[in-house]
Structures are given as C-alpha cells and as structure tokens.
Amino acid sequence: MALGVRERGASGQGLASETLMMATASSSSLSSRRFLLWLYLVGFLDLFGVSMVVPLLNLHVRSLGVSPIVAGIVGSSYGILQLFSSTFVGCWSDVVGRRSSLLVCILLSALGYFLLGMSTNVFLFTLARVSVGVFKHTLSISRALLSDLVTEKERPLVLGQFNTVSGVGFILGPMVGGYLTELDGGFYVTAFICCSVFLLNAGLVWLLPWRETSLNIPDNGWHLVWKHTTVPIKSEGTLQGAATTPKARKNERKVQAPWVEVMSALKDMKNLIFSALRDIFIVRFMMGVAIMLYYSNFVLGLEERFGLRPKITGYLISYTSALGTLAGFAVGPILRLYRHNSHMVVLHFSALTSLLLLVYSTTGSMAMVVVSSTLLSFTTSIGRTCITDLQLSVGGAQTSGTVIGVGQSVTAVSRILAPLLSGVAQEISPCGPPSLGAALALVAILIMTLNRSSFSGEGSERLKRE
C-alpha cells in the first residue's frame with residue numbers, strides 16, 4: 001500500500017511537472033510571438049519614415065540650385081556607400097550583437113534625417129545622405145535577428161511577414177509625405193518627422209525584452225531562452241558543425257581585442273564571398289539588375305509607348321506595391337507546396353519573372369501591361385524573400401548578419417549599375433531596359449540550373465569544409 005501511495009505520489013509529481021513544463025512553454029511561445037510583433041512594428045516604422053522623404057529628395061536637391069549632373073552624383077552616393085557599408089555592418093552585428101548594432105544604426109540614421117531637415121545647401125544635404133548611406137541597415141539587422149530566433153522551416157514565413165508589414169509602411173509613407181510637402185517648408189517638416197520616427201524606433205528597440213532573450217547553442221541544436229526557460233527552436237536543419245555564434249565562440253576561446261574580432265569577421269566575409277554562396281550572390285545580382293531595369297524606366301517607358309500620364313502611372317505603381325506587400329503572406333503556403341525547397345521556388349519564380357518582363361517589353365496592349373505588372377509584383381516579392389532564405393540555408397545561421405550584409409552589398413551594386421544600363425538601353429528603344437532585364441533573368445536561370453549543387457544541401461556541406 002505504501003508502495004502504491006508512493007507510486008501515485010510520483011505519478012502526481014510527474015504530471016504536475018509535465019503540466020508546469022507545458023504552461024511554461026506556452027508562456028514562452030507567447031513571449032516569443034510578442035517579441036516578433038515588436039520587430040515587425042520596428043520594420044513598419046522604418047520604411048514608413050523613409051518613404052515619406054525618399055520621393056521628395058530629387059525635388060529638394062534640385063531646389064538647392066545644383067545642376068542635374070551634380071544632383072545625380074549626390075543621389076548615387078547613397079548606393080555607393082551602401083555597397084561598402086552593408087557587408088561591414090552585417091559582420092559587425094555578428095560580432096557585437098544585434099541589439100547594440102541595431103540601436104547605433106537607428107540613432108545615426110536619425111541624425112542623418114535631422115541633418116536633412118536642416119539642409120539649406122548641398123553640403124548639408126550630402127552630409128545627411130552620407131550618414132544615412134553608411135548606417136541605414138536597420139532592416140538587414142532585423143532580418144538577421146529574425147533568422148536567429150526562428151526555425152529554418154519557419155524562417156521564410158517570418159521573413160515574408162516582416163517584409164509585408166514593412167511594405168505597408170512604404171505604401172503609407174509617400175501619401176503622408178506628399179500631403180506634408182504641400183505645406184510651407186514641407187520638405188523640412190517631413191524630414192524632421194522622419195527623424196522623430198527613427199527616434200521612436202530606437203526607443204522601441206531599447207524597450208524590447210532583450211534581457212529575457214538569449215541564444216543558447218547546445219550540442220543538439222539551437223534553443224531560444226525566454227525568461228530563463230529553454231524552448232526548442234532549432235533542432236532540425238541546422239548545419240552540423242555550424243552551431244557556433246560569435247558569442248559562443250568567445251566563450252570557447254580567450255577573449256580577444258575588438259579589432260581582432262572585426263578582422264576575424266571580415267575574414268569570414270571573404271570566405272563567404274568565395275564559397276558555395278558565390279553562385280547565389282551572382283543570381284541575386286542578376287535578378288536585382290533585371291528588376292531594377294524594369295522599374296528604372298517604368299514611368300518614362302509607359303509615357304513614350306502609350307502616352308500614359310505620370311499621375312496614372314503613379315496609381316499603377318501604388319497598386320503593384322500593395323500587391324507585392326500582400327504577396328508576403330503567400331510565402332509560407334508556397335514553400336509548403338514546394339516542401340520548403342527554396343531553390344526550386346527561386347528557380348521557378350525567376351523563370352516566371354523573365355517571361356513576364358519579356359511580355360511587358362513586347363506587348364502593345366495596356367491591358368497586358370497591367371496584367372504583367374500585377375504578376376511581376378507577386379513574383380519579385382516571393383523571389384526576394386526566398387533568395388534571402390536560400391542564402392541563410394546555405395551560409396548557415398552562425399554568420400547570418402554577414403550573409404545578409406553581403407547580400408545587401410550585392411543589391412547595392414545592382415542599384416548602382418541598373419541606372420547606367422537603363423540609360424544605354426533606353427537610347428536604343430523604350431522597351432530596351434525591360435528586354436535587357438529579361439535577358440539577365442534568363443542568365444540567372446541558367447546559372448541555377450547548371451550549378452544546382454550550390455543551391456542545395458551539397459552547397460552547405462561544401463561551405464562547411466571551406
């Protein structure tokens with residue numbers, strides 16, 4: 001009898017323990033979801049503030065009395081600075097942590113927009129763009145943080161939701177900025193409001209429950225700790241031998257000087273560029289240039305081909321931007337349909353993008369332009385999210401900031417080259433830029449087809465050996 005009592009007591013204790021674990025896991029899941037929602041809000045406010053100002057930059061710099069050539073040089077400075085700074089900031093976030101790097105980037109970006117609000121001459125305008133060009137990497141660091149906190153299978157869905165929420169800010173911002181610019185000194189008011197939005201974002205990042213969140217990496221995979229409770233987050237899909245972060249590596253070896261850590265991160269960056277990720281970066285570059293060629297002469301091309309007024313073209317751009325934002329919700333179902341094979345998703349959607357660019361550039365019907373533009377907003381949004389997920393899958397989670405930073409540098413290069421290529425192609429034909437974009441997308445498809453191993457698990461295994 002006594003034994004029976006003890007057995008029942010032990011059973012009761014086990015049940016109570018199991019119930020407590022379930023309740024704790026449920027609380028941790030709720031906390032993690034709340035943390036993600038706060039990050040989504042940070043992304044929304046970021047693009048909301050930026051999109052209030054960006055459409056007005058060309059008008060403002062021209063109002064300062066500079067020539068079109070000088071205005072073009074000043075405008076391109078942002079892309080050039082992003083090219084050199086994005087990879088370094090990504091490496092830096094891997095070394096010092098996401099919170100510190102995110103706060104610094106937000107605050108110095110706010111300083112840039114504050115200077116923009118005071119830019120009564122071209123020197124202050126250029127100085128403001130330099131600050132923003134170097135430190136405006138808040139979205140990249142946020143994406144790296146998201147990739148740290150979720151499983152590999154959940155990552156495309158979470159990144160898609162983050163892009164969607166951020167995209168809503170990019171849709172609403174121009175409307176607010178357009179209204180404010182009608183006021184006396186409207187540009188300066190808009191820039192100061194943008195600065196205030198970034199300061200608000202810094203406050204949100206500071207108030208996030210970072211103390212309740214830490215990444216622990218045991219032998220069997222990743223775990224996310226919320227309020228000192230371990231909840232399994234990454235046990236599948238993590239590369240063997242890749243379960244080390246900068247923080248974990250510090251605990252395993254003697255603490256080194258910060259500059260030594262930065263040099264180590266830069267060495268990792270070089271290894272990534274010349275590793276199995278090389279082909280993925282090439283594809284990202286080709287597809288980036290292809291899409292930017294399409295957008296670069298969208299307004300001018302439709303005016304020359306169909307006599308469409310810029311105001312109507314603006315409505316079409318807003319419509320396709322909204323659709324591209326909503327497409328983020330389709331990332332999860334599409335990846336489930338493809339059984340989380342990001343390579344096949346990128347391959348098929350790149351092929352569809354190439355076909356749609358060809359249709360857009362050759363059609364003589366405005367209805368087909370609307371149809372192709374509608375579908376392009378969908379395919380480019382899905383492709384952009386999945387190519388980021390593919391980079392992280394092959395590169396490994398231990399250097400997610402570096403991987404995303406290098407990807408942003410690749411995008412910056414395409415952002416610099418696309419206007420130049422568009423100008424040359426435009427001299428040949430109004431359909432030249434999108435036609436060239438279709439050809440570049442076809443080259444990207446051939447690379448993905450011929451070098452299939454670089455976009456699969458074999459690429460990640462090769463990266464580990466390198």
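In terms of heavy-atom proximity, Leu293 sits nearest to Gly437 at CD1-N, 3.7 Å. Nearest heavy atom pair, residue Cys105 against residue Val89, reads SG-CG1, 3.9 Å. Taking each heavy atom of Val50 and Cys194 in turn, the nearest pair found is N-SG, 4.1 Å. Of all the heavy atoms in Arg284 and Thr388, the pair that sits closest is NH1-OG1, 3.7 Å. Shortest non-hydrogen contact noted between Leu116 and Ala191 is C-CB, 4.1 Å. Counting all heavy atoms, side chain and backbone alike, Ala351 lies closest to Ile445 at CA-CD1, 3.2 Å.
Leu323 places a side-chain heavy atom less than 4.5 Å from the side chain of Thr374. At least one side-chain heavy atom of Ser361 sits less than 4.5 Å from a side-chain heavy atom of Leu358. Residues Leu115 and Phe125 have side chains not in contact (no heavy-atom distance under 4.5 Å, counting atoms from C-beta outward). You'll find the side chain of Leu199 reaches within 4.5 Å of the side chain of Leu107, heavy atoms only. When side chains are defined from C-beta on, Leu41 does not count as touching Val165, because their heavy atoms never get closer than 4.5 Å. At a threshold of 4.5 Å between non-hydrogen side-chain atoms, the residues Lys136 and Val132 count as touching. Side chains of Met287 and Ile387 form no contact here, defined as non-hydrogen atoms less than 4.5 Å apart. In this structure, the side chains of Thr449 and Leu446 stay at 4.5 Å or more apart for every pair of heavy atoms.
Taking SG from Cys195 and CG from Leu200, the interatomic distance works out to 11.5 Å, rounded to the nearest 0.5 Å. Of the inter-residue distances, the one linking Leu103 atom CG with Thr138 atom OG1 reads 11.5 Å to the nearest 0.5 angstrom. From Asp148, atom CG reaches atom CZ of Arg98 across 4.5 Å, with rounding to the nearest 0.5 Å. For the atom pair CG (Asn201) and OG (Ser142), the distance works out to 8.0 Å, reported to the nearest 0.5 Å. Taking OG1 from Thr120 and CG from Leu64, the interatomic distance works out to 8.0 Å, rounded to the nearest 0.5 Å. Taking CD from Glu154 and CG from Leu149, the interatomic distance works out to 11.0 Å, rounded to the nearest 0.5 Å.
Residues that satisfy the ring pair (Phe, Tyr, Trp, His ring centres under 6.0 Å) test with Tyr113, not counting sequence neighbours, are Phe198. With sequence neighbours excluded, the residues forming a ring pair (Phe, Tyr, Trp, His ring centres under 6.0 Å) with Phe192 are Phe114, listed by chain and number.
No donor-acceptor distance shorter than 3.5 angstrom exists from the side chain of Ser429 to the backbone of Ala425, with no hydrogens or angles considered. Judged purely by atom type and a 3.5 angstrom limit, Ser85 uses its side chain to pair as donor or acceptor with the backbone of Gly133. Without hydrogens or angle criteria, Ser131 side chain to Leu127 main chain gives no donor-acceptor distance under 3.5 Å. With hydrogens and angles ignored, the 3.5 Å screen pairs a side-chain donor or acceptor of Arg99 with a backbone N or O of Trp206. For Ser372 (side chain) and Met368 (main-chain N/O), a donor-acceptor pair under 3.5 Å exists by modelled atom type. Ser354 contributes no side-chain N or O that, together with a main-chain N or O of Ser350, makes up a donor-acceptor pair within less than 3.5 Å. Of the possible polar contacts, none joining the Ser119 side chain to the Asn121 backbone as a donor-acceptor pair under 3.5 Å is found. Between the side chain of Ser166 and the main chain of Asn163, no donor-acceptor pair closer than 3.5 Å is present. Under the 3.5 Å distance criterion, the side-chain polar atoms of Ser51 are matched with a main-chain donor or acceptor of Gly169.
In this structure, a donor-acceptor pair under 3.5 Å is absent between the side chains of Tyr319 and Ser373. Side-chain contact, Thr164 with Gln161: no donor N or O sits under 3.5 Å from an acceptor N or O.
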Q: List the steps, then state whether side chain to side chain contact (heavy atoms under 4.5 Å, CB included) holds for His137 with Gln82.
A: CA-CA 8 Å; His137 300 287; Gln82 288 271 296; 3.3 Å; yes
Q: Could you walk me through whether Ser342 and Leu335 pass the side chain to side chain contact (heavy atoms under 4.5 Å, CB included) test, one step at a time?
A: CA-CA 7 Å; Ser342 296; Leu335 276 171; 3.9 Å; yes
(Q) Set out, in order, the CA-CA distance, both residues' side-chain angles and the distance that settles side chain to side chain contact (heavy atoms under 4.5 Å, CB included) for Thr363 and Val369, then state yes or no. (A) CA-CA 7 Å; Thr363 185; Val369 167; 3.8 Å; yes
Q: Determine, stepwise, if the pair Val130 / Tyr78 fulfils side chain to side chain contact (heavy atoms under 4.5 Å, CB included).
A: CA-CA 7 Å; Val130 167; Tyr78 176 83; over 6 Å; no
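The side-chain tip of Arg129 does not point at the ring of Phe135 from less than 6.0 angstrom away and within 45° of straight on.
Residue-environment remark: CE (Met118) stays at or below the threshold of 12 foreign heavy atoms within 6.0 Å.
Applying side chain to side chain contact (heavy atoms under 4.5 Å, CB included) to Met448 and the options Ile280, Ile282, Leu347 leaves one that passes, Leu347.
Using bins of under 30°, 30° to 60° and over 60° for the plane-to-plane angle, the ring pair Phe349/Phe378 lands in the tilted bin.
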